[in-house]
Protein chains: 2
Amino acid sequence: MTTGTSHSQSSRAVTLEHPGLESACEAIVDGLEREALVTVFGRCTVDYEGRASSTLEAGDRHVMLKPDGAVLVHTDEGQQPVNWQPPGCEHDAFCESDAEANAESADEPDGDVEPRRLVLESVRSTPEERLRVRFERVLQVSTFSGTDESDLSLSGTEEDLRQRILDEPDLLETGFTPLATERETSAGAVDVYGEDAAGRTVVVELKRRRVGPDAVGQLRRYVDALERDLHADADVRGILVAPSVTDRADRLLVDHGLEFVSLEPT
Amino acid sequence: MTTGTSHSQSSRAVTLEHPGLESACEAIVDGLEREALVTVFGRCTVDYEGRASSTLEAGDRHVMLKPDGAVLVHTDEGQQPVNWQPPGCEHDAFCESDAEANAESADEPDGDVEPRRLVLESVRSTPEERLRVRFERVLQVSTFSGTDESDLSLSGTEEDLRQRILDEPDLLETGFTPLATERETSAGAVDVYGEDAAGRTVVVELKRRRVGPDAVGQLRRYVDALERDLHADADVRGILVAPSVTDRADRLLVDHGLEFVSLEPT
DNA sequence: CGATTGATCTCGCCC
DNA sequence: GGGCGAGGTCAATCG
């Protein structure tokens with residue numbers, strides 16, 4: 001139905017430039033009610049309290065409120081937000097008319113006072129957490145709605161590496177036979193479980209990229225657990241599969257009689 | 001200049017609503033040259049190739065280009081971007097006039113044809129990676145500049161937990177004496193190194209939150225390494241300090257003769 | 001819900 | 001630049 005440039009009704013972007021705090025607040029509240037994605041850019045402070053606690057003094061930042069409850073506060077640097085809240089929050093936006101704060105401006109009339117702050121608050125439970133962004137100045141408010149039905153198609157993951165081995169077990173070792181994936185042990189699920197040409201049990205731990213000591217520890221736990229689980233006292237081989245290993249990890253592998261096979265996901 | 005709240009010159013937000021692809025591109029290029037933070041909202045596809053590779057079919061998304069080279073592509077769900085690129089990229093924006101793509105519209109004149117796509121490309125090396133966002137429709141382009149001098153002040157971290165123990169070593173155990181932090185061993189640096197009332201060596205691994213099997217593996221590696229490093233064959237005590245442990249982790253602790261002390265950062 | 005683990009993890013520190 | 005570990009990690013899966 002769309003030839004070239006006709007706009008689908010469901011896609012919308014509404015923007016206020018340099019709004020007063022009151023009108024900014026109205027636009028935000030309206031956007032949240034419409035389940036839109038809302039962004040606010042301006043000078044603000046940020047306070048967080050929950051799993052940890054943090055404060056951030058005034059500065060210009062970009063704040064994104066998502067309809068699923070997520071919040072992101074971005075500065076002009078870094079991939080990660082300086083502050084955030086995961087999905088599942090309830091967003092709230094309101095103006096603070098300084099009534100609660102300080103009573104120093106008692107000479108001001110009580111009527112149409114320009115509010116001192118625009119506050120964005122996002123709260124969730126389990127765990128109890130709260131993020132509060134206080135704007136003293138707003139340069140832009142936008143609300144976006146649109147449609148996105150597509151899912152990301154990703155390759156080069158650990159899952160791809162596993163599939164590669166299941167499709168061609170000889171890549172691991174001639175005569176290897178995979179018997180299960182995600183096989184449960186008392187130490188957790190093993191990536192690939194199988195046996196070698198001689199019929200010995202083999203535990204395979206997969207990593208999509210170069211590994212350090214932690215991955216060896218993981219493999220170690222699975223091998224130990226299986227040797228105990230099988231209570232046959234039969235030796236269990238542990239093979240780490242990854243593109244490469246660090247020196248320290250390699251030493252650990254040798255120390256504990258574990259093996260390494262170099263393989264990449266692609 | 002505007003009423004009441006005077007705007008600092010350095011803070012700016014410039015917005016285009018429903019721009020053509022050409023004018024959108026100009027605004028983006030201009031923003032990138034001015035080292036501004038640039039956002040684009042519209043219908044786009046996304047392709048990534050690098051450590052892994054991914055594709056995403058057309059949908060409405062919010063794209064942020066940061067002056068440090070970071071890119072974030074956000075849908076209306078999730079805290080994490082659906083696609084991204086870390087800081088260090090070179091951004092590029094240009095229009096695709098369909099010349100290279102398909103020659104099916106050969107009847108079109110070669111002159112002032114409305115471009116079919118606006119392309120954002122962000123590339124870096126080490127590792128070689130490329131993110132490409134192709135817009136068929138742009139609902140909004142914004143460029144933001146501002147100032148942000150402040151650093152985040154965070155508490156409730158592992159560092160706070162360490163300080164708590166150094167300030168009051170008896171919290172760990174009566175008679176404990178810390179001797180070093182980040183003490184190097186052949187397995188890496190130990191969080192806190194010290195000795196107990198009886199003069200035995202103690203290795204402390206700190207975690208700010210409830211821990212699982214991985215943390216036990218870490219502590220294990222440090223204890224093993226120290227016992228070998230000290231080559232005195234003297235037994236080394238390993239103590240995991242965290243708010244709590246999972247069942248599996250607790251079993252591992254017991255199995256390997258390690259100890260646990262419950263402590264929180266705050 | 002909690003537990004476990006992967007991730008294009010990112011980030012910072014230190015060699 | 002690589003190694004190593006923390007993170008308010010997040011997100012997915014499973015019991």
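In the text below, chain A, chain B and the rest are named by the order of the sequence lines, each starting its count at 1. Here the structure is a predicted model, which means the values were calculated and not measured.
Within the nucleic acid shown, A:Pro86 comes within 4.0 Å of at least one base atom, counting heavy atoms only. Within the 4.0 angstrom heavy-atom criterion, only backbone atoms of the sugar-phosphate kind lie near A:Thr157; the bases stay farther away. At a threshold of 4.0 angstrom between heavy atoms, the contacts of A:Gly78 are confined to the sugar-phosphate backbone, with no base atom among them. Nucleic acid contact for B:Pro87: sugar-phosphate only, since backbone atoms but no base atoms lie under 4.0 Å from a heavy atom of the residue. Within the nucleic acid shown, B:Ser53 has no heavy atom closer than 4.0 Å to any nucleic acid atom. Among the protein residues, A:Pro81 comes within range of no part of the nucleic acid, since none of its heavy atoms lies under 4.0 Å from any strand. Residue B:Asn83 is classed as a base contact, given a heavy-atom separation below 4.0 Å to a base. Counting non-hydrogen atoms under 4.0 angstrom, A:Ala215 reaches nothing in the nucleic acid.
When the nucleotides C:dT8, C:dT5, D:dG8 are ranked by their closest atom to the side chain of B:Ala52, C:dT8 comes out on top. For B:Gln85, the side-chain atoms get nearest to C:dT8 when compared with the rest of D:dA11, D:dG5, C:dT8. Here the nucleotide nearest the side chain of B:Tyr48, chosen from C:dT5, C:dC11, C:dT8, is C:dT8. The side chain of B:Glu205 approaches D:dA6 more closely than any other nucleotide in the set D:dA6, D:dG7, C:dC1.
A sub-4.0 Å separation between OP1 or OP2 of D:dC10 and a side-chain N or O of A:Arg51 is present. At the phosphate of C:dT10, OP1 or OP2 sits under 4.0 Å from a side-chain N or O atom of A:Gln79. Look at A:Trp84 and you'll find a side-chain N or O under 4.0 angstrom from OP1 or OP2 of D:dC10. The shortest distance between the side-chain N/O atoms of A:Arg210 and the OP1/OP2 oxygens of D:dG3 is below 4.0 Å. For C:dT5, one of the phosphate oxygens OP1 or OP2 lies less than 4.0 angstrom from a side-chain nitrogen or oxygen of A:Tyr222. The phosphate of D:dA6 has neither OP1 nor OP2 within less than 4.0 Å of any side-chain N or O from B:Arg209. In this structure, B:Thr246 reaches the C:dT4 phosphate: one of its side-chain N or O atoms is under 4.0 Å from OP1 or OP2. Residue B:Gln218 places at least one side-chain N or O under 4.0 Å from the OP1 or OP2 atom of D:dA6. Taking side-chain N and O atoms only, B:Arg221 has a distance below 4.0 Å to OP1 or OP2 of D:dG5. Put simply, B:Arg130 has no side-chain N or O that comes within less than 4.0 Å of OP1 or OP2 on C:dT8.
A distance-only check finds a donor-acceptor pair linking the side chain of B:Asp68 to the backbone of A:Gly78 [under 3.5 Å]. No donor-acceptor pair under 3.5 Å is formed between the side chain of B:Ser125 and the backbone N or O of B:Glu128.
Between B:Glu158 and B:Arg208 there is no salt bridge, since no side-chain N of the basic residue sits under 4.0 Å from a carboxylate O of the acidic one. Note on B:Arg228 versus A:Asp255: salt bridge recorded, some NZ/NE/NH1/NH2 to OD/OE distance being below 4.0 Å.
Between B:Asp247 and A:Leu152, it is B:Asp247 whose nearest contact on DNA chain C lies nearer the 5' terminus. Heavy-atom distances to DNA chain C give each of B:Gly212 and A:Gln80 a nearest nucleotide, and the one nearer the 5′ end belongs to B:Gly212. Sequence order on DNA chain D of the closest nucleotides to A:Pro213 and B:Glu77 puts A:Pro213 first from the 5' end. Residue B:Gly156 is the one, among A:Glu184 and B:Gly156, whose nearest nucleotide of DNA chain D lies closer to the 5' end (criterion: closest heavy atom).
Spacing of C1' atoms, C:dT10 relative to C:dG6, comes out at 14 Å, to the nearest Å.
Atom CZ of B:Arg134 is separated from atom CG of B:Leu56 by 13.5 Å, given to the nearest 0.5 angstrom.
Following rounding to the nearest Å, B:Glu158 (CD) and D:dT9 (C1') show an atom-to-atom distance of 14 Å. Rounded to a whole Å, the CG atom of B:Leu72 is 14 Å from the C1' atom of D:dC10. Computed from coordinates, the B:Asp214 CG to C:dT5 P distance equals 7 Å when rounded to whole Å. In this structure, CD of A:Glu182 is placed 10 Å from P of C:dT5, rounded to the nearest angstrom. Rounded to an integer number of Å, the gap from NZ of A:Lys207 to C1' of D:dG3 is 17 Å. Counting to the nearest Å, the C1' atom of D:dG8 and the CD atom of A:Glu49 are 11 Å from each other. Distance CZ (A:Arg248) to C1' (D:dG2): 12 Å, rounded to an integer number of Å. For B:Leu161 and D:dG5, the CG to C1' distance is 15 Å, given to the nearest whole Å.
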Between B:Asp191 and B:Lys207, is the salt bridge (Lys or Arg N to Asp or Glu O under 4.0 Å) condition met? List the steps. CA-CA 10 Å; B:Asp191 282 340; B:Lys207 293 294 171 192; 5.8 Å; no
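Ring to ring, A:His62 and B:His62 are close: their centroids are under 6.0 angstrom apart.
Put simply, the residue from A:Glu195, A:Glu227, A:Glu205, A:Glu173 that forms a salt bridge (Lys or Arg N to Asp or Glu O under 4.0 Å) with A:Arg237 is A:Glu173.
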